[in-house]
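See below for the structure under consideration.
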Amino acid sequence: MHLLDSLWTEWKIALRFLADNRMQTLLIIVGIGVGSAVIVFITALITGLQANVIERTLGTQAHIRILPLDEVNRVLPAADGALALILENPRAQRLRSISNWQDVRDALDGQTQLLAVSPLISGPAIARRGVARASVALMGIDPVRYQRIIPIAEDLIAGHFTVGAGHAVIGKELADDLGLGIGDKLRLDAGEGRETIVDIAGIFELGVRELDSRYVYLDLKQTQTLLDLPGGVTVIDTTVRDIFEAETIAARLARLTGLQAESWMATNGQLLNALRSQTMTTQMIRLFVGLSVAFGIASVLAVSVVQRTREIGILRAMGSPRGQILRVFLLQGGLLGLAGSGLGGLVGWSLVQVFNIFGPGLFFIPTDPTLIPVAMAVATVTGVLAAAAPARRAARLDPAVAIRYV
Amino acid sequence: MSELTHGFTDGEEVLRLERLRKTYNPGTPLELEVLHALDLRLVRGELAALIGPSGSGKSTLLNVIGLLDSPSAGELYLLGQPTRAMDDEQRTHLRNQVIGFVFQFHHLIPAFSVLDNVLMPLMIRHGKPTPTDIERARELLDAVGLADFAQKKANQISGGQQQRVAIARALVTQPALLLADEPTGNLDTKTAEGVFELFRRFNREFGCAVLVVTHDPRLSASCARTIQLVDGSIVSDQMNP
Ligand SMILES: Nc1ncnc2c1ncn2[C@@H]1O[C@H](COP(=O)(O)OP(=O)(O)OP(=O)(O)O)[C@@H](O)[C@H]1O
Ligand SMILES: [Mg+2]
């Protein structure tokens, strides 16, 4: 209110000048509106699209997986002056536990950038029911921790999410392949005579074929016994707060734990590339549309300064200080930006609704309630900045010359 | 003749010029000294006409006195304050406080109403007009006979009416010095006489000093004092009978 009061005269003159040049004002507002509508719509569209893609990809996988280092052949260093020729076969990677995984887990729990940490043991097995067989991945988990990575319970289509005490949760495809329902029994064979029979407690459908057809969730202990790694875990899954920081965080975790840390960004390079170029394209579009809006405002005000030279001279002759003239034109820039982006924001928002209701329906664009206020604030600031050059010109006019201008 | 108009020595000094010079385009081949070492003094309540042939420097002098333009040499005192050393901001402030301008082409702001035009110097001075401000502006409009035109746009009234609005505007701040540059230049004789009558009246009522440029000998003769400028020098300065 104080700002309004102290700038009362500036407001009055700025608004009058804009209202007086009705056609010019209207046209530039429409121009700014079109630009803002494009920016708002593109931003909402791309944000929605990316959120959708990320949600689909990352909703069913860990952001960073901590794994034991690969086993490598140890080669004795050759004696000084001797040339050693080595013929090397890479070693087969057997299933290995992360040593001291409890300590690693506790260390990871202390990392504020991580949202969830879930140690698990995973290994291959054959699932049998009668004569039907399927190759599966055993997943021995701590259900509470694992749910924070992938909320399986939300995707259950039958039964309960109960693992442990001879209960297993499997995917829909596997259940269909083996003709399993809730309460049915399933034989799991992890090789070398290690076998067990579990009851099916729940069936999930995540919509990812690999998971729905292969994953068998079991109790951690039972899986350790089946895979012959008593007390061990083979991987620690984690999720991070800022998914685009995953790579840097992974590098840090690798140094911290001395283990391998694989981020989703490393394993989904293509996707990441696509997202990045999309983001860049959007920013380019925003920048250039923003620039053309700014130049539009600047040119309209430059014309207005020339048109109003004599009036500026009159105001100066009546004792209006340079600063006041400057503020009158800065305000006009800000007001044009505000009004234009308000209009454009509304149009952009409507376009999003139209897209959601009548569009191809591939995905839903969420409307971020802060998008339009932010767009308007940015446009207002842009308007003020664009007005800077014409406003300075107006303020610097020599009153004795300006008043004679016709 | 009003009892407030005493002559040179009595009354509070409003304006004093000391060896004031104005040179256009100094330091260039187009250099031209328009005003040559002028001395002049004006006191409160004086009504003076400034006459002289075209190109003699009358408008230049008025612009310099009104702080729209700065002198090249000499000193200009307004209400006793020397103004040469002032920066733009101080000069602008002083202009708003002390000077009222009336121009030949009235120079109203067409986007605003008649009333807002009259209020403009006060709005520039302190923002939103107070009820007292508005009352004062309306009184002045009434005094110039335009009370009914307050809400009209400034470009919707006749030239003579616009000039009267400009006078009301120049007086709304109760300036110590009213400067008028050929205010009746494009008005017919009857309207011009009416406008001059306003100057005489406000000069009498408010006691402000008035310096008015005119080409009309009849009008200048009706002022208490006539100053004649020829080629940038004051050639005569006399009290009228
Ligand atoms: N901005 C300027 N630059 C250069 N010379 C100027 C400028 N303004 C006025 N002059 C010159 O100064 C001289 C005085 O001009 P000025 O306008 O003050 O005369 P005036 O007495 O008001 O004339 P008029 O009666 O025609 O209005 C003229 O010779 C004019 O050409
Ligand atoms: Mg002149």
Side-chain angles (χ1 to χ4, degrees), chain A residues 1-25 301 303-329 331-332 335 392 394-406, chain B residues 22 24 59-71 87-113 116-130 133 153-155 166 169-173 175 179 181:
Chain A
M1 235 40 235
H2 181 73
L3 184 75
L4 277 184
D5 269 356
S6 66
L7 294 180
W8 191 91
T9 308
E10 283 85 340
W11 276 100
K12 170 125 186 155
I13 300 174
L15 287 170
R16 270 267 122 239
F17 277 5
L18 288 176
D20 193 44
N21 270 354
R22 192 158 306 145
M23 207 57 210
Q24 207 167 308
T25 304
L301 287 178
V303 170
S304 164
V305 168
V306 174
Q307 286 172 339
R308 300 205 177 273
T309 298
R310 196 155 82 125
E311 283 151 282
I312 293 164
I314 299 170
L315 288 169
R316 297 278 283 123
M318 286 189 284
S320 179
R322 288 208 162 129
Q324 190 166 49
I325 304 292
L326 185 83
R327 289 189 294 273
V328 164
F329 281 88
L331 259 180
Q332 289 187 64
L335 283 169
R392 278 162 61 104
R396 285 186 177 177
L397 283 176
D398 179 347
V401 175
I403 201 137
R404 265 184 267 123
Y405 185 90
V406 274
Chain B
K22 174 67 188 177
Y24 280 119
S59 297
T60 305
L61 179 58
L62 241 63
N63 282 348
V64 170
I65 293 175
L67 303 178
L68 281 182
D69 218 339
S70 34
D87 64 17
D88 184 76
E89 199 173 329
Q90 292 169 311
R91 297 154 61 81
T92 305
H93 181 72
L94 196 60
R95 188 155 67 230
N96 181 262
Q97 300 293 319
V98 177
I99 309 277
F101 265 116
V102 181
F103 302 94
Q104 178 171 4
F105 301 99
H106 43 76
H107 289 320
L108 299 183
I109 302 182
F112 286 93
S113 71
D116 280 343
N117 264 285
V118 175
L119 284 168
M120 190 56 72
L122 293 174
M123 296 192 214
I124 288 170
R125 186 183 288 182
H126 59 235
K128 192 176 169 146
T130 63
D133 293 342
K153 282 282 265 330
N155 53 6
R169 179 182 67 187
L171 289 168
V172 80
T173 55
L179 301 172
D181 192 355

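Computation of the quantities below employed the complete heavy-atom set of this structure, encompassing side-chain atoms and omitting hydrogens, waters and symmetry-equivalent molecules. Everything numeric here is computed off the predicted structure, so don't read it as measured data. Reminder, nothing fancy here: chain letters follow the sequence lines and each chain counts from 1.
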What residue, out of S320(A), P399(A), A19(A), has the most heavy-atom pairs lying under 4.5 Å from chain B? S320(A)

Where A317(A) and I403(A) come nearest, the two heavy atoms and their spacing: CB-CD1, 3.9 Å

Could you tell me how the ring of F103(B) sits relative to the ring of F101(B): parallel (under 30°), tilted (30 to 60°) or perpendicular (over 60°)? parallel

Greatest number of non-hydrogen atom pairs under 4.5 angstrom with chain A, of T173(B), D116(B), I99(B), falls to D116(B)

Is any side-chain heavy atom of D20(A) less than 4.5 Å from a side-chain heavy atom of R308(A)? yes

At their closest point, which heavy atom of G127(B) faces which heavy atom of T9(A), and how far apart are they? CA-OG1, 3.2 Å

Looking only at non-hydrogen atoms, find the nearest pair between V102(B) and A170(B) and report the distance. CG2-CB, 3.7 Å

Residue by residue, scan residues 322-329 of chain A and write down, ordered by number, those that have a heavy-atom distance under 4.5 Å to chain B; if none do, write 'none'. R322(A), Q324(A)

Is Q90(B) atom CD crowded by more than 12 heavy atoms from other residues, nucleotides or ligands, each under 6.0 Å away? yes

In residues 61-70 of chain B, which residues are in contact with chain A at a heavy-atom separation under 4.5 Å? N63(B), L68(B), D69(B)

Does M123(B) form a side-chain contact (heavy atoms from CB on, under 4.5 Å) with D133(B)? I'd like the steps, not just the answer. CA-CA 9 Å; M123(B) 296 192 214; D133(B) 293 342; over 6 Å; no

Using heavy-atom distances under 4.5 Å, tell me whether N21(A) contacts chain B through its side chain, its backbone, both, or neither. neither

Where is the tightest heavy-atom contact between P110(B) and E311(A), given as atom of each residue plus distance? CD-OE2, 3.7 Å

Could you state the interatomic distance from OG (S113(B)) to NZ (K153(B)), rounded to the nearest 0.5 Å? 9.5 Å

R95(B) side chain near T92(B) side chain, heavy-atom distance below 4.5 Å: yes

Heavy-atom count check: over 12 atoms from other residues, nucleotides or ligands less than 6.0 Å from R125(B) CZ? yes

